[in-house]
A.B. asks: 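My structure is below; once you've seen it, I'll send some questions.
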Amino acid sequence: MLKIYNTLTRKTEEFQTLEPNLVKMYICGVTVYNDAHVGHAMSALVFDIIRRYLEYRGYAVKHVMNYTDVDDKIINRAKQLSEDPLKLSQRYIEEYAKELANLNILPATSNPQVSKTMPLIIQFIEGLIQKEHAYAAFNGDVYFSVTSDKDYGKLSARKLDDMQAGARIEVGEAKDHPMDFALWKAAKPGEISWDSPWGKGRPGWHIECSAMNLAELGEQIDIHGGGNDLIFPHHENEIAQTESYTGKEFSRYWVHNGMLQLGGEKMSKSLGNIVSIKEFLSKREADVMRMLVLNGTYRAPLLFNDETLDAAEKNVERLKSALRPASSSASGLSPESVTYLASTAESAQTNFTEAMDNDFNTAGAMAALFELTKAINTSRDNGATDDQLKPAQAAFRGLANILGLKLEEKQGSSEKDAQVNALIAERNEARKQKQWARSDEIRDQLKELGVTIEDSKDGTTWRWG
RNA sequence: GGCGUCGUGGCCAAGCGGUAAGGCAAGGGUCUGCAAAACCCUCAUCAGGGGUUCAAAUCCCCUCGACGCCUCCA
């Protein structure tokens, strides 16, 4: 039985969907105004893994991830570049989608955008005004009234009084209450804007998600997710808006991933300690980033540094070793050993599911994969044939797929392969003559080309990487 | 200052009341001309202090420490 930690209740709860076999999941995407960084990748990976596991567990998943394409930062950036803001954001949307694909992240089932949801956003705000949860101020802004929502603060577990104690709240003079937040912002001269009953303007940050949620998934959803830095104010405000509007419980489970840490600090655009996804992928393969996430707990801070990345890379290499073919001199495994391998494969699958059922305990799931890796490699060393290896390897591949690991051996072009093979042949000849110096020279040369070779009593094998 | 999450071997990290998974690193060994890979073996009593319990890394309290949010943020 699947259990999920729910930020709203601060407890791990049994997962039950609103409708049988269907999961409605909304993930807060990114504001598109510059290159996405590996922190965004972490979040996207976490929810990709969750989505893949839910599908493995037999659910159809409606996975909605929005793009915030109307926002102050986009407007500023566009001004800097003298570019149309919507064109700018569209460019980054396309780029982000590509980055996600490069990370082997499944595309969401839909990607709504603020700029395309305007009528519903306006309708939503009107509804909130009618129900007296919001008010239009003299300056053309519309604010949500936090005091009109009796359980405001329930997600982030804070009280209005406590928050007011903090000195950092800017008191807008148009607001009735300092914590009231903007649903609609009046346009400044020259800014991109939309017509509304309150004059030209654009939506506040939070209302867009409430509206897109409603449009894509309806009044109630199963999972709402995002980084834990969104708990307050973003998700708190979404709950306030949506529940005030519909009168129903908004999302059953609130799922938040921890922050990626770079040098002991959260990686974020405002701190400037950023490694872009592009930069990362130019140095390491996508599986490494995924492995980094899998080795940890999605809710905890994740350390991103050379040490943790090197370890993740080694982990990936180790998993790949399970998929390698039998040795060419394989003489076959004893029936007992075949049985043992089969039973290990079976228990690996059981352990895997048990771990993942426990709030997506990917680190536990990885342990199951590593145990199966060891069993497969031991069998190979003991002379298992490809046919004997195949069932366990298929099971292994199945589990890796659920986690979205590709575990592909690197590929070279056919000309390069030919070049390598020629060098290997030359080296084999040298080895036959016991010309070790020449043989090692060729090995170094191959290493330069990015080729790893392995000698065994059956001959020499090689691979890229 | 308020709220929250957390502190397990050199590093990353499971564990959710019954006596410490897994990976990396390290050391020893098998194999090899050497190397690499693979395989075998070795490697912690859970920040500190109280308490509850037959039994605690696991529950409660205190102390210390880290991180996050309270302002844009995945």
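Naming: A, B, ... by sequence-line order, numbering from 1 per chain.
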A.B. asks: With a 3.5 Å cut-off and just heavy-atom distances, do the side chain of A:S439 and the base of B:rG33 make a donor-acceptor pair?
C.D. replies: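 When only heavy-atom distances are counted, A:S439 does reach the base of B:rG33 through a donor-acceptor pair under 3.5 Å.
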A.B. asks: Give the nucleotide from the list B:rU5, B:rA74, B:rA36 with an atom nearest to the side chain of A:R10.
C.D. replies: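 For A:R10, the side-chain atoms sit closest to B:rU5.
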A.B. asks: Specify the closest pair of heavy atoms between A:L319 and A:L405, including all atoms of both residues, with the distance to one decimal.
C.D. replies: CD1-CD1, 3.9 Å
A.B. asks: Could you say whether A:R427 or A:D229 is positioned toward the 5' end of RNA chain B, judged by the nucleotide with the nearest heavy atom to each?
C.D. replies: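 The residue closer to the strand's 5' end, by nearest nucleotide, is A:R427.
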A.B. asks: If you define the side chain from C-beta out and look only at heavy atoms, does anything of A:I4 sit under 4.5 Å from A:T12?
C.D. replies: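 No - every pair of side-chain heavy atoms lies 4.5 Å or more apart.
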A.B. asks: Touch check for A:E371, heavy atoms < 4.0 angstrom, all strands: base, sugar-phosphate only, or nothing?
C.D. replies: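 If one applies the 4.0 Å heavy-atom cut-off, A:E371 turns out to touch the sugar-phosphate alone, with no base involved.
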A.B. asks: Give me the distances for all protein-to-nucleotides 6-12 of chain B N/O pairs that come in under 3.5 Å?
C.D. replies:
from: B:rC12; atom 1: O2'; to: A:N295; atom 2: ND2; distance (Å): 3.0
from: B:rC12; atom 1: O2; to: A:N295; atom 2: ND2; distance (Å): 3.3

A.B. asks: Should A:R318 and A:E371 count as an ion pair when the cut-off is N to O under 4.0 Å?
C.D. replies: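 Looking at A:E371 together with A:R318, the answer is no, because their closest N to O distance does not fall below 4.0 Å.
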A.B. asks: What nucleic acid atoms does A:L260 come within less than 4.0 Å of, heavy atoms only: base, sugar-phosphate, or nothing?
C.D. replies: base
A.B. asks: Return no unless some side-chain N or O of A:S156 is found under 4.0 Å from OP1 or OP2 of B:rC70.
C.D. replies: no
A.B. asks: Which class fits the ring pair A:W254 and A:H224: parallel under 30°, tilted 30 to 60°, perpendicular over 60°?
C.D. replies: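 Answer is parallel, since the angle falls under 30°.
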A.B. asks: Remember a base hit wins even if backbone is also touched, and classify A:L369 as base, sugar-phosphate or nothing at under 4.0 Å, heavy atoms.
C.D. replies: nothing
A.B. asks: Check whether more than 12 heavy atoms from other residues, nucleotides or ligands sit under 6.0 Å from atom NZ of A:K3, and answer yes or no.
C.D. replies: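 No - once you tally the heavy atoms of other residues, nucleotides and ligands closer than 6.0 Å, there are 12 at most.
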A.B. asks: If you apply the rule ring pair (Phe, Tyr, Trp, His ring centres under 6.0 Å), what do you find for A:Y253 with A:F15, and how did you get there?
C.D. replies: CA-CA 8 Å; A:Y253 305 92; A:F15 184 62; 5.1 Å; yes
A.B. asks: Could you check, using the six-membered ring where one of them is a Trp, whether A:H206 and A:H235 have ring centers closer than 6.0 angstrom?
C.D. replies: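 A:H206 vs A:H235: aromatic centres not under 6.0 Å.
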A.B. asks: Surrounding OH of A:Y340 (heavy atoms of other residues, nucleotides or ligands, distance under 6.0 Å), is the total greater than 12?
C.D. replies: no
A.B. asks: State whether the number of non-hydrogen atoms from other residues, nucleotides or ligands found under 6.0 Å of A:E409 atom CD is greater than 12.
C.D. replies: yes
A.B. asks: Scan every strand shown for a Watson-Crick or G-U wobble partner of B:rU52, both distances under 3.5 Å, and answer none if you come up empty.
C.D. replies: none
A.B. asks: Please determine if A:D71 and A:K185 form a salt bridge, counting it only when a charged side-chain N lies under 4.0 Å from a carboxylate O.
C.D. replies: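 Salt bridge between A:D71 and A:K185, a charged N being under 4.0 Å from a carboxylate O: no.
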A.B. asks: Are any of A:K266's side-chain N or O atoms less than 4.0 Å away from OP1 or OP2 of B:rC69?
C.D. replies: yes
A.B. asks: Return the pairing partner of B:rC6 with a 3.5 Å limit on both distances, Watson-Crick or G-U wobble; otherwise return none.
C.D. replies: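 B:rG65 is the nucleotide pairing with B:rC6.
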A.B. asks: Confirm from the modelled atom types if A:D440 and B:rG33 form a donor-acceptor pair under 3.5 Å, side chain to base only.
C.D. replies: yes
A.B. asks: Do side-chain atoms of A:D287 reach the backbone of A:V316 as a donor and acceptor pair under 3.5 angstrom?
C.D. replies: no
A.B. asks: Tell me what A:G225 touches on the nucleic acid: a base, only sugar-phosphate, or nothing, going by heavy atoms under 4.0 Å.
C.D. replies: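 Answer is nothing: A:G225 stays at 4.0 Å or more from every strand.
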A.B. asks: After noting the C-alpha distance and the side-chain angles of A:R52 and A:D48, does the key distance pass the salt bridge (Lys or Arg N to Asp or Glu O under 4.0 Å) rule?
C.D. replies: CA-CA 6 Å; A:R52 285 170 186 267; A:D48 182 59; 2.8 Å; yes
A.B. asks: According to a strict under-4.0 Å criterion, is A:R318 in side-chain N/O contact with OP1 or OP2 of B:rA38?
C.D. replies: yes
A.B. asks: Using the side-chain heavy atoms of A:N377, tell me which of these nucleotides is nearest: B:rA74, B:rG68, B:rC39.
C.D. replies: B:rC39
A.B. asks: Applying a 3.5 Å limit to both distances, which nucleotide forms a Watson-Crick or G-U wobble pair with B:rU42?
C.D. replies: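 Looking at the geometry, B:rU42 pairs with B:rA26.
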A.B. asks: For atom P, what is the distance between B:rU52 and B:rA57, given to the nearest Å?
C.D. replies: 16 Å
A.B. asks: Taking CG from A:L160 and C1' from B:rC3, how many angstroms apart are they, rounded to a whole number?
C.D. replies: 13 Å
A.B. asks: Provide the distance between the two C1' atoms, one in B:rU8 and one in B:rA56, to the nearest whole Å.
C.D. replies: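 Those two atoms are separated by 14 Å.
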A.B. asks: CG of A:L262 versus P of B:rA66: gap in Å, rounded?
C.D. replies: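 Taking CG of A:L262 and P of B:rA66, I get 19 Å after rounding.
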A.B. asks: Scan A:A363 against the nucleic acid and name what it touches under 4.0 Å (heavy atoms): base, sugar-phosphate only, or nothing.
C.D. replies: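 If one applies the 4.0 Å heavy-atom cut-off, A:A363 turns out to touch a base.
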A.B. asks: Can you tell me, in whole Å, how much space there is between the P of B:rC3 and that of B:rU63?
C.D. replies: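 Looking at atom P only, B:rC3 and B:rU63 are 13 Å apart.
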A.B. asks: Below 3.5 Å, does any donor atom in the side chain of A:R443 face an acceptor in the base of B:rA35, or the other way round?
C.D. replies: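 Donor-acceptor pair under 3.5 Å: yes.
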A.B. asks: With sugar-phosphate meaning primed atoms plus P, OP1 and OP2, does A:I231 contact a base, only sugar-phosphate, or nothing at under 4.0 Å between heavy atoms?
C.D. replies: nothing
A.B. asks: Provide the distance between the two C1' atoms, one in B:rG48 and one in B:rC43, to the nearest whole Å.
C.D. replies: 25 Å
A.B. asks: Using atom C1' of each nucleotide, how far apart are B:rA44 and B:rA25 to the nearest Å?
C.D. replies: 15 Å
A.B. asks: For a quick check of understanding: with a heavy-atom distance under 4.0 Å over all strands, which category does A:G39 fall into, base, sugar-phosphate or nothing?
C.D. replies: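 Here A:G39 touches the bases of the nucleic acid.
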A.B. asks: At a cut-off of 3.5 Å, list every protein nitrogen or oxygen paired with a nitrogen or oxygen from nucleotides 25-32 of chain B, distance to 0.1 Å.
C.D. replies:
from: B:rA25; atom 1: OP1; to: A:K314; atom 2: NZ; distance (Å): 2.8

A.B. asks: In whole angstrom, give the distance that lies between atom CD1 of A:I442 and atom P of B:rG33.
C.D. replies: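 Rounded to the whole Å, the gap is 17 Å.
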A.B. asks: Under a 3.5 Å limit for both distances, which nucleotide forms a Watson-Crick or G-U wobble pair with B:rG17, could you say?
C.D. replies: none
A.B. asks: Could you please name the option among B:rA74, B:rC69, B:rA36 that lies closest to any side-chain atom of A:H37?
C.D. replies: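 Per side-chain heavy atoms of A:H37, the pick is B:rA74.
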A.B. asks: Kindly indicate whether a cation-pi arrangement holds for A:R158 with A:F232, taking the cut-offs as under 6.0 Å to the six-membered ring centre and within 45° of the axis.
C.D. replies: yes
A.B. asks: Side-chain N or O of A:N358 less than 4.0 angstrom from OP1 or OP2 on B:rG15?
C.D. replies: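 For B:rG15, OP1 or OP2 has a side-chain N or O of A:N358 closer than 4.0 Å.
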A.B. asks: Give me the distance, rounded to whole Å, that separates B:rC46 from B:rG10 when you measure between the P atoms they each carry.
C.D. replies: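 Rounded to whole Å, the distance is 13 Å.
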A.B. asks: Let's see if you can work this out: which of B:rG22, B:rG4, B:rC67 has an atom nearest to the side-chain heavy atoms of A:P301?
C.D. replies: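 Selected nucleotide: B:rC67.
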A.B. asks: Identify the nucleotide, in any strand shown, that forms a Watson-Crick or G-U wobble pair with B:rU32, with both distances under 3.5 Å; if there is none, say none.
C.D. replies: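 Per the H-bond distance test, none.
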A.B. asks: Can you check the distance between B:rA47 and B:rC41, where both ends of the measurement are the C1' atom (answer in whole Å)?
C.D. replies: 32 Å
A.B. asks: Judged by each residue's nearest nucleotide on RNA chain B, which is more toward the 5′ side, A:R324 or A:G226?
C.D. replies: A:R324
A.B. asks: When rounded to the nearest Å, what value does the distance between P atoms of B:rC11 and B:rU45 take?
C.D. replies: 15 Å
A.B. asks: Can you figure out which of B:rA37, B:rC39, B:rG22 approaches the side chain of A:D381 most closely?
C.D. replies: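 My answer, after comparing the listed nucleotides, is B:rC39.
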A.B. asks: Rounded to whole Å, please give me the gap between CD1 in A:I75 and P in B:rC72.
C.D. replies: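 The answer, rounded to whole Å, is 15 Å.
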A.B. asks: Counting side-chain heavy atoms from C-beta on, which of B:rC67, B:rC40, B:rA36 comes nearest to A:Q261?
C.D. replies: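 Closest nucleotide among those given: B:rC67.
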